[in-house]
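Here is the structure we will look at, set down as structure tokens.
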Amino acid sequence: MMIFNLIFKNVRRSIKDYAIYFLTLALGVSLFYAFNSISSQPDLNKLNYAMELFGDALVTYIGLLSKFIAVILAFLIIYANQFIMKRRKKEMGIYMSLGMSKWKISSIFVGETFIVGILALMVGLGIGFLLSQGISVVALKLFVGNAAGFKLMFSAQAMRQTILSFAIIFIIVMLFNTRTIMNIKLIDLLTANRKNQELKVPNKPVTLLLFLISIVSLVVGITSLLFYGLDKDKLTGIMGLIGVGIVLFYYTASSVMIILMKRSKRTYFNGLNVFSFRQIGSKMQTNFLVMVVLCGLLFASLVVLGTGFSTTSSMNKQAKAATPFDLTIMYPYAEGITPLERADHDGIKLKENLKSYAQATLYETNMTYADLFKGQKLSLSKTDQKMLKSHINFISQTDYNKQMRLSKQNQVQLKDNEYIINANHEGTEKNLKYFLNHNGRLNVGKTTLTPLRNKEIKNIISLSNSTITNDMGTIVIPDQIARTLQADSYLLNGKFATKETEGKVYEAMNNKWIEHSLNGSMFYVTNSVVKDTYFGTFGVIAFICSYLGIVLMIVTLSVLALQQLTETQDNKERYRTLAKIGADKRMINKSIFRQIAFYFIAPLLLAALLSSFTTRVVLDKLEPFFEISIAQNMIISYGIILALYVIYFVATYQSAKQIIVENNIR
């Protein structure tokens, strides 16, 4: 009974000691529960076949990733627990000197770990429940298309997985604590706070040379990254160069800082600045490899989390803009019957199920895109280079305006000798603009046409297999000129009354036309199929990136916090000495604040710099696909990162002050 009372008293007394441990554990539990509860929403279990595959893939990958993350969190929690053990070594020494056995001491710490773990589990599940609702809304928008079917759900399965995973972690921590206590010696416990670090005097010329090499390596590496992008042949060398720069930067940063500070005697000898700078210097010298690893983790977290959240935010806008129709059917004109007649002939009830529709005929000449861009210096992707040989599609003004009325896009009015180009493919946009501004004349049949405007219209004429708007240019011409050309293919765009109708019609088309689709003689697609493929693929990627990015950030911040608290614990005697020679509590707190702020900011500055350039390179690859500015949405990602950073910094600073307050510094 006495031991139980002691356990509860110790938990209440040492609650601030457990702050970082508790925070890390609670956040880990909340994220683990939130992402594993995605499948609890009823509407996510009513997906069509295509989306069901992606939904199952998401649940599978999240499950696998969660096991990997559980291992990471286990090591992190053990690391956090070791700080607490080190923090209370003197207390354990007192217990032993009073005659308490190691088994009883072990049972006290096991009991404390158990109570804090249970509290963190309860708080984490509560936060995770709230967080899971927001994640479920995002998942519904990605995989269902809307959040209308959202329900407030608590996932018993996710809770069981979370409790089981963290119960195993708690057991490992308890066993680790027991082993540590059984192997310690009384003399080590009583003298634990008297070991200090020494600041090595740097070789000034060598230090400055290495620092200069680090800056040059980083500048050359970043410049090469921007120039070559993600070129697989160059990427290894670029990353190696940046890696060398990071290692040398943190190896020499503290020495360079002290060299520069000593040049300003007024600043260096002001207040406790001498002590603060030397403390920072000794920490950086001892832990520069830790700083390198933390910088790397922060860098990965910033890139992964930034692109993950930004991509998720951008997908809905892109999908909506690229799918103004519910149905598109295209096949050769040579068959002689319109799409509606073809559907009726094959027993597909298409016309009666369409709420509205517009049929058109596409015409073709011998003109290719290569002819259109003749004389220009082209810088195209391999796919676009193949498309250069494609013949350009022509459409009459009347048929074009039918499609625009159906999709509520802008219509056009042409004179007898005018044309416009409808194009929305970013890869050839600048080439079209050049053509329209420097030549712009087209010979169609016996008529020479001039452009109505000096830039293309970016409307959507038909759905494609993805949300990539890849119309390199469809030319809209007057009706009388279109009638002189040879018809090439039929085009039908339509809208359905309901999603259920769309699904039934698509199933009927698949039953009748699948072979024609596979051999390329016919093309048909619906709005849902396009969005399903798009959201399914990138939804899974975005969720995993976001999950991994947040966990990496928490791991990094936890290590930063624990490293600082351990350093503060190791230097308690130094702060006691400062108090004895006249430093008051305000001055000491200011010194602690500066040291922790420097340690938190040091890895972030370089990580933020490198990630900004790397993310830019990644977005250069992604933005042409999404064809919108993903970078505009990155404010959400960095907002989350900043919030986590502030929470951990405040918790670390307050815990560090509490450690020093024990010395009765006033």
Side-chain angles (χ1 to χ4, degrees), residues 199-263 277 280-307 548-549 552-553 555-557 559-560 563-564 567 595-621 631 634 637-638 641-642 645:
L199 177 63
K200 297 177 183 178
V201 179
N203 184 309
K204 187 174 178 180
V206 174
T207 298
L208 293 176
L209 177 62
L210 291 176
F211 184 76
L212 182 61
I213 291 173
S214 74
I215 298 299
V216 171
S217 297
L218 289 170
V219 171
V220 174
I222 291 171
T223 305
S224 301
L225 181 66
L226 293 175
F227 184 79
Y228 293 108
L230 301 178
D231 187 329
K232 61 181 181 181
D233 296 327
K234 306 287 185 181
L235 195 58
T236 302
I238 292 171
M239 290 297 101
L241 202 59
I242 292 175
V244 169
I246 293 173
V247 172
L248 290 179
F249 178 83
Y250 285 114
Y251 180 70
T252 58
S254 62
S255 300
V256 171
M257 178 192 70
I258 291 173
I259 290 170
L260 293 175
M261 286 299 104
K262 283 185 175 180
R263 294 176 66 88
F277 287 133
I280 291 170
S282 66
K283 290 175 185 178
M284 290 287 287
Q285 282 183 354
T286 306
N287 300 312
F288 81 93
L289 286 177
V290 176
M291 296 294 283
V292 171
V293 173
L294 293 176
C295 178
L297 285 172
L298 275 172
F299 166 74
S301 180
L302 288 166
V303 174
V304 172
L305 183 59
T307 53
L548 185 59
L552 283 175
M553 179 59 66
V555 169
T556 305
L557 291 174
V559 173
L560 269 172
Q563 189 77 26
Q564 275 301 283
E567 296 287 348
Q595 291 177 54
I596 294 175
F598 180 87
Y599 207 77
F600 265 71
I601 292 172
L604 179 63
L605 285 176
L606 201 51
L609 176 67
L610 293 172
S611 67
S612 64
F613 291 109
T614 305
T615 304
R616 181 67 263 161
V617 173
V618 173
L619 294 183
D620 284 341
K621 291 289 184 181
M634 292 195 71
S637 309
Y638 287 109
I641 292 167
L642 181 62
Y645 227 81

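Computation of the quantities below employed the complete heavy-atom set of this structure, encompassing side-chain atoms and omitting hydrogens, waters and symmetry-equivalent molecules.
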Quick one: are L606 and F299 in side-chain contact, heavy atoms under 4.5 Å?
no
To the nearest 0.5 angstrom, please state how far the CG atom of L610 sits from the CG atom of L225.
9.0 Å
Not counting sequence neighbours, which residues clear side-chain contact (heavy atoms from CB on, under 4.5 Å) with L605? List them please.
I601
Applying side-chain contact (heavy atoms from CB on, under 4.5 Å), can you list everything that pairs with Y228, at least two apart in sequence or on another chain?
S224, D231, K234, I238
Do S214 and Y251 come close enough that some side-chain heavy atom pair is under 4.5 Å?
no
L248, L241, V247, I246 screened by side-chain contact (heavy atoms from CB on, under 4.5 Å) with V244, the one that passes:
L248
Gap separating the CG atom of L212 from the OG1 atom of T252, nearest 0.5 angstrom:
10.0 Å
Just one of V219, V220, L226 clears the side-chain contact (heavy atoms from CB on, under 4.5 Å) bar with I222, so which one?
L226
Heavy-atom pair of closest approach, residues C295 and A607:
O-CB, 3.6 Å
Residues in side-chain contact (heavy atoms from CB on, under 4.5 Å) with L209, at least two apart?
I213
Nearest 0.5 Å, what's the CG-OG1 distance between L218 and T223?
10.5 Å
